[in-house]
Novice: 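So that we are looking at the same thing, I have put the structure below in structure tokens.
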Amino acid sequence: MVNTSELPKIVTVCGPTGVGKTSFAIELAKRFSGEIVGADSMQIYRQMDIGTAKPTAAERTTVRHHMVDIVDPNEAFDAAAYGRRAHQSVQQLLEENIPAFVVGGTGLYIKALVQPLFEGRASDREVRERIQSRLKEEGAAALHANLKERDPTAAARIHPNDAYRIQRALEVIETTGRSISDLHDAHRFSKARYETLEIGLTLPREQLYARIDRRVDQMIAAGLLEEVRGLLALGFDPGLKPMQSLGYRHMVGFLQERTSWEETLRTLKRDHRRYAKRQFTWFKAVAGMNWLAPDQVETAAEMVERFFNLR
RNA sequence: GCCGAGGUAGCUCAGUCGGUAGAGCAGGGGACUGAAAAUCCCCGUGUCGGCAGUUCGAUUCUGUCCCUCGGCA
């Protein structure tokens, strides 16, 4: 058993898209004169505001936000980079004695902050491109078969259709000379950087889905289509990672006349719902999660007080 | 009121020459260690509109009632 009492304390607030994390967290952080560290894989991108439901300028004046608007859409970024940079932000807050509230819906990012990922190395472009072209030519099944020879444990864990993970496993072998399964087995998320109070926001499925539908309509009304048109005009390629995310890929599909407007809205809402469901699956598996409704700020505040031993 | 068509999974429908049923969409569950708003896996029991009759057995045939949609009055 790891003694966590020595670790610095932070509060995390997570939950599915559209549940109301932003206003909840701002209200909570305000009471403790804390600051927010975003844990959202899309809000990190500048110029992508409407589709990512980024906190407004006013909200960010009320409570200072970190890890939002930190890279351009065409810059490389990933969970490990997030873990490093978010850790720096939190360190700084701790030094200044400011309570840190890590808020967002990207489970892997929160994990990468609290329990750093295994020591690997970002795959260099050459290796990644080589594997990608092999994937294109030979297909996922062939690469899976190849992985089975080089790292049978990983091959057993990864489904033959899961092209991304097959690719990653091969990358790790080529960049580190070791198998990803060995590295994982040695790592196992055994060390934590912080002691956390984990708050998960939830709502009955029906209510959440109604909120999501409404929120998508609001994004459209706020000019999501124009935002995407602007990004394209600035030269950002539709193939860029953030351009493949919810909302952005849908607007691109419409602009390229692949889908009607009606179909675009339908799939956009549907895909948001499916995303929310996947987030639930992730967060449900987090041990020690304290589930609350988004209007239970009061309860959350009491939990935070106890957590920080403020009374 | 009469004539016609139909009432089967949340929605749109298929089907059973009588042995209690299946697709698409929607939805649900799960995985997740440097692309994670990504990627991947698994999941279809529903008074076959109600009641009665025929039958060993009816969602399937017959009768009747209810409802929906057309057309005619």
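Values below: all heavy atoms of this structure, side chains included; hydrogens, waters and symmetry mates excluded. Throughout, protein chains are lettered first and strands after them, A, B, ... in sequence-line order, and every chain is numbered starting at 1.
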Novice: Salt bridge (Lys or Arg N to Asp or Glu O under 4.0 Å): which pairs involve residues 131-146 of chain A, sequence neighbours left out?
Specialist: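 Passing the test, one end in residues 131-146 of chain A: A:Arg134-A:Glu138.
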
Novice: Write out all pairs satisfying side chain to side chain donor-acceptor pair (under 3.5 Å) with one or both partners inside residues 217-244 of chain A, taking only residues at least two apart or from two chains.
Specialist: A:Asp217-A:Lys269, A:Glu226-A:Arg229, A:Glu227-A:Tyr248

Novice: With sequence neighbours excluded, give me every salt bridge (Lys or Arg N to Asp or Glu O under 4.0 Å) pair touching residues 100-109 of chain A.
Specialist: none

Novice: Enumerate, in order of first residue number, the stems that involve RNA chain B, defined as 3 or more consecutive Watson-Crick or G-U wobble pairs with both distances under 3.5 Å.
Specialist: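 Consecutive-pair runs (3 or more) involving RNA chain B: B:1-7 with B:66-72, B:10-13 with B:22-25, B:27-31 with B:39-43, B:49-53 with B:61-65.
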
Novice: Categorize A:Thr52 for me: base, sugar-phosphate, or nothing, with a 4.0 angstrom heavy-atom threshold over every strand shown.
Specialist: base

Novice: For A:Tyr164 and B:A35, is the gap between ring centres under 5.5 Å while the planes differ by less than 30°?
Specialist: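 Stacked: centres under 5.5 Å apart, planes under 30°.
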
Novice: Does NZ or CZ of A:Lys9 fall inside the cone over A:Phe308's six-membered ring, less than 6.0 Å from its centre and within 45° of the axis?
Specialist: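 No, A:Lys9 does not lie over the aromatic ring of A:Phe308.
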
Novice: Which parts of nucleotides 26-33 of chain B does protein reach within less than 4.0 Å, heavy atoms only, written one letter per nucleotide 5' to 3' as B for base, S for sugar-phosphate only and - for none?
Specialist: SSBBBBBB

Novice: For residues 152-160 of chain A, please give each side-chain donor-acceptor pair under 3.5 Å, one per line with the distance, not counting sequence neighbours.
Specialist:
{"unit_1": "A:Arg157", "atom_1": "NH2", "unit_2": "A:Asp185", "atom_2": "OD1", "d": "3.1"}
{"unit_1": "A:His159", "atom_1": "ND1", "unit_2": "A:Asn161", "atom_2": "N", "d": "3.0"}

Novice: Is there a donor N/O on one and an acceptor N/O on the other, under 3.5 Å, for the side chain of A:Gln244 and the base of B:A35?
Specialist: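 Under the 3.5 Å cut-off, the side chain and the base do not form any donor-acceptor pair.
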
Novice: Hydrophobic clusters join Ile, Leu, Val, Met, Phe, Trp and Tyr when side-chain heavy atoms are under 4.5 Å apart, directly or via other members; which others share one with A:Tyr275?
Specialist: A:Leu246

Novice: Remember a base hit wins even if backbone is also touched, and classify A:Asp40 as base, sugar-phosphate or nothing at under 4.0 Å, heavy atoms.
Specialist: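 Here A:Asp40 touches the bases of the nucleic acid.
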
Novice: Can you list every pair that meets salt bridge (Lys or Arg N to Asp or Glu O under 4.0 Å) and has a residue in residues 273-297 of chain A, with sequence neighbours left out?
Specialist: A:Asp213-A:Arg273

Novice: Would you please name every residue forming a ring-ring contact (aromatic ring centres under 6.0 Å, His included) with A:Tyr209, sequence neighbours left out?
Specialist: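 Not a single residue meets the ring-ring contact (aromatic ring centres under 6.0 Å, His included) criterion with A:Tyr209.
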
